[in-house]
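We count ligands from 1, going down the list as the structure has it; atoms in each ligand are counted the same way.
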Amino acid sequence: MLYEYRLETPKRNFYDVTAQVREAVGKSGVWDGIAVVYCPHTTAGMTINENADPDVARDLLFALDKTFPDRPEFRHSEGNSAAHLMASAIGSGVTVVIDGGRLLLGTWQGIYFCEFDPPRSRKFYVKIVGWAGGGCL
Ligand code: ZN
């Protein structure tokens, strides 16, 4: 099953999409399997990290800015090469195990859509593969 979600990203930020992924798992009826959460954009990404302290996401953005500053040597005409670099460094998808109908996330883990080139109208996909008990869905 494939689920599509949309979100508006007014600023550079990590947007918590854990609730949407949980919703997709619930709709799917899958009991044992995997959820692939995929971002189909070149200046945004997907990651899993701490969802308890918002300073963690802030620190990650700070570190990405320091690691991938905008440089005059960049040739990409759109002018957002730093955002492309961050997207590749973070990656475009995460996979989470579904066990007993639940996402097998750690206590402090959340799933984040990472916006590096706002503002945008974005989307992401949740692909769920697994078994509902009676057979493969
Ligand atoms: Zn670009």
Could you identify the N, O or S atom of Glu78 positioned closest to the Zn ion (ligand 1)?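 Restricting Glu78 to its N, O and S atoms, the minimum distance to the Zn ion (ligand 1) goes to OE1.
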Angle, OD1 of Asn80 through the Zn ion (ligand 1) to NE2 of His76 - 10° precision: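 Roughly 90°, rounded to 10°.
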Rounded to the nearest 0.5 Å, what separates atom [atom1] in [X] from atom [atom2] in [Y]?
X      : Y      : atom1 : atom2 : result
Leu60  : Tyr112 : CG    : OH    : 9.5 Å
Asn49  : Phe14  : CG    : CZ    : 7.5 Å
Phe116 : Asp65  : CZ    : CG    : 9.5 Å

Does the side chain of Tyr5 come under 3.5 Å of the side chain of Glu23 through a donor N or O and an acceptor N or O?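 Checked: Tyr5/Glu23 side chains pair up, N/O donor to acceptor below 3.5 Å.
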Heteroatom N/O/S of Thr42 within less than 2.8 Å of the Zn ion (ligand 1):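 Checking the Zn ion (ligand 1) against Thr42, no N, O or S atom falls under 2.8 Å.
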